[in-house]
Amino acid sequence: MADPIFLKARYVFPVASPPLENGVVTISRGRIVAVESHRGPLWAPHSGRGEGDYIDYGDAAILPGLVNAHTHLEFSDLTAPIGAPGIGLAKWIRRLIDAKINRPANSKQCVIQGLDESLRQGVTTIGEIAQQDFPWEDLPNFSPSGVAFGELIAPGNDHVPAAMELARSLEMRERSLVREGDSPIFPAEKLGQSPSWRIGISPHAPYSVHPALLNAVIKISAEKQIPLAMHLAESREELQLLAERSGPLRELLEELGVWDPSAFSLPRRPMDYLQMLSAAYRVLVVHGNYLQDDEITLLARRADRFSVVYCPRSHAWFRHGPYPLEKLLAAGVNVALGTDSRASAPNLSLLAEMRFVARNFPKLPEETILRMGTLHSARALGLDRELGSLELGKWANLVVFSTPKHKTVNLLNMILQDELPVLATWYQGKKLICSSTKNGDK
Ligand SMILES: [Zn+2]
């Protein structure tokens with residue numbers, strides 16, 4: 001395509017500033033160089049803008065590319081969540097382990113499948129919990145990128161050395177990534193055939209990570225400035241395990257032969273973990289379904305480094321207690337959105353998560369929901385200076401939605417309520433998918 005590229009739509013939602021009617025987003029060398037309103041024809045002879053590519057999407061809305069702050073793409077081949085609604089976490093983990101052992105698909109292919117699905121749903125940035133066989137060398141030329149959090153599991157003290165070896169290999173990979181100034185994310189050209197990713201570290205959860213490992217990786221996170229993601233305050237079973245050292249998760253650990261009482265000698269509740277995690281560089285508290293008031297206060301006070309990732313449809317799949325979303329937002333916590341994996345959500349559509357939130361929290365302003373799925377999620381991943389809103393100098397990551405022709409008072413409300421299709425996804429100034437060429441798309 002020529003450079004620059006002018007994209008016009010009836011509405012543009014920059015997120016960091018008010019929506020624009022008849023908005024034009026100008027892209028040059030993969031970055032956003034202008035966001036403005038423009039009446040009249042967009043084409044070169046009439047616009048006085050000179051040469052370039054002109055695309056008028058007509059009745060459509062341009063939004064920043066969506067940011068899925070938490071998923072596990074290794075399960076992208078699953079066609080339905082595991083178990084039945086309301087399944088207990090320990091029971092679900094048993095079924096997940098079985099699924100992992102028995103399914104034929106290779107995990108690399110599943111990751112690639114998940115990246116492709118994400119793109120088709122307008123997701124351009126991902127917080128991925130990555131396995132050791134993450135396909136670094138086989139990633140498609142252009143697909144979403146983001147932060148790959150290497151997963152670490154060590155339920156007992158005996159497992160800590162092996163997990164530490166893995167943590168150190170992640171640290172090495174982080175160091176091997178090319179850096180451009182202090183910018184954490186790079187154009188594909190810089191990394192050869194692979195899209196740009198950065199490294200994170202994910203001590204899995206309180207029931208699967210010995211505090212000895214957790215403390216060691218928190219130190220790595222702080223020293224090497226590597227973001228950390230941990231599932232926390234996810235289920236009542238986790239709270240019971242921490243408070244009483246009993247319940248279905250203890251039974252599961254015993255059954256697997258990995259129960260180590262020393263893992264639970266000190267921590268009694270998620271707050272103990274939050275206090276430990278306060279020393280890390282940047283932390284994504286994944287789920288936080290059962291966060292208490294004092295824990296929310298701590299997260300708000302340390303909002304410079306903590307974010308909470310709400311996974312709405314996964315939360316609903318397990319039928320957890322009411323999610324403290326309004327409390328978190330009112331306290332000033334940075335709340336991001338994630339799909340979690342297809343093992344507990346029907347698909348990888350972040351827009352479906354946003355629509356779910358709109359339906360279940362009708363008092364929440366639509367702008368807040370849009371922010372959670374874009375800028376807040378980007379902030380959680382430490383990428384908000386590079387993406388997450390349509391602002392000058394940020395990567396041109398965009399999603400274009402088809403909108404109805406008739407006049408509407410609140411278009412954003414319509415996007416979040418209706419099943420409007422994704423028309424196109426743009427990643428770093430390149431059009432990756434386009435489901436339709438209507439409305440003068442040239
Ligand atoms: Zn997860």
Side-chain angles (χ1 to χ4, degrees), residues 67-78 80-83 85 87-97 99-100 107 110-111 114-115 117-118 123 125-132 134 144 146-155 163 200-209 214 217 227-239 241 249 252 270 273 277 282-291 306-320 323 335-350 352-353 356 372-373 377 380-381:
V67 181
N68 183 357
H70 178 72
T71 187
H72 308 245
L73 294 177
E74 63 172 310
F75 301 114
S76 300
D77 62 322
L78 295 180
I82 288 174
I87 187 170
L89 187 66
K91 202 169 170 189
W92 180 85
I93 293 170
R94 267 188 205 95
R95 305 263 307 256
L96 188 75
I97 293 170
K100 257 182 122 140
S107 151
C110 295
V111 171
L115 289 171
E117 181 188 343
S118 299
V123 172
T125 306
I126 290 179
E128 156 71 349
I129 304 299
Q131 299 304 310
Q132 289 185 61
F134 188 79
V147 181
F149 295 89
E151 186 172 64
L152 302 176
I153 291 180
I201 204 162
S202 180
H204 176 254
Y207 52 85
S208 54
V209 170
L214 184 60
V217 297
L228 186 155
M230 184 173 192
H231 299 81
L232 191 63
E234 180 179 2
S235 66
R236 290 195 179 94
E237 295 172 24
E238 174 195 322
L239 301 187
L241 179 71
L249 281 171
L252 173 68
Y273 286 87
L277 290 165
R282 175 186 294 283
V283 181
L284 287 83
V285 173
V286 179
H287 299 301
N289 299 328
Y290 293 96
L291 286 167
F306 275 111
S307 295
V308 172
V309 187
Y310 173 31
C311 301
R313 292 181 302 167
S314 176
H315 172 277
W317 181 251
F318 291 102
R319 293 192 176 146
H320 291 303
Y323 193 77
V335 183
L337 291 179
T339 57
D340 217 335
S341 76
R342 271 176 165 266
S344 62
N347 53 49
L348 300 174
S349 169
L350 197 79
E353 302 294 347
F356 184 94
M372 286 196 289
S377 287
L381 296 171

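Since we're looking at a predicted model, the values are computed, not measured. Counting convention: from 1, in listed order, for ligands and their atoms alike. Residue numbers run from 1 in the order of the sequence given.
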Kindly indicate whether the side chain of Tyr290, heavy atoms from C-beta on, has any atom under 4.5 Å from the side chain of Pro270.
->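 Of all side-chain heavy-atom pairs linking Pro270 with Tyr290, none is under 4.5 Å.
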Is the shortest heavy-atom distance from the side chain of Glu74 to the side chain of Phe134 under 4.5 Å?
->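 Glu74 does not reach Phe134 side chain to side chain.
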Aromatic ring pairing His287/His231, orientation class (parallel under 30°, perpendicular over 60°, tilted between) |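 Taking His231 first and then His287, their aromatic rings sit tilted (interplane angle of 30° to 60°).
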Measure up the Tyr207 and His204 rings against each other and bin them: parallel (under 30°), tilted (30 to 60°), perpendicular (over 60°).
->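 Tyr207 and His204: perpendicular rings.
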Check: Tyr310/His315 side-chain N/O donor and acceptor closer than 3.5 Å =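 Tyr310 vs His315: no donor-acceptor pair found between side chains.
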Show all protein N/O/S atoms under 2.8 Å from the Zn ion (ligand 1), or state that there are none.
->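 Near the Zn ion (ligand 1), the protein supplies His70 NE2, His72 NE2, His231 NE2, Asp340 OD1.
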How would you list, by chain and number, every residue that makes a side-chain hydrogen bond (donor to acceptor under 3.5 Å, both in side chains) with Arg313, sequence neighbours excluded?
->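 Checked Arg313 against side-chain hydrogen bond (donor to acceptor under 3.5 Å, both in side chains); matches are Asn347, Glu353.
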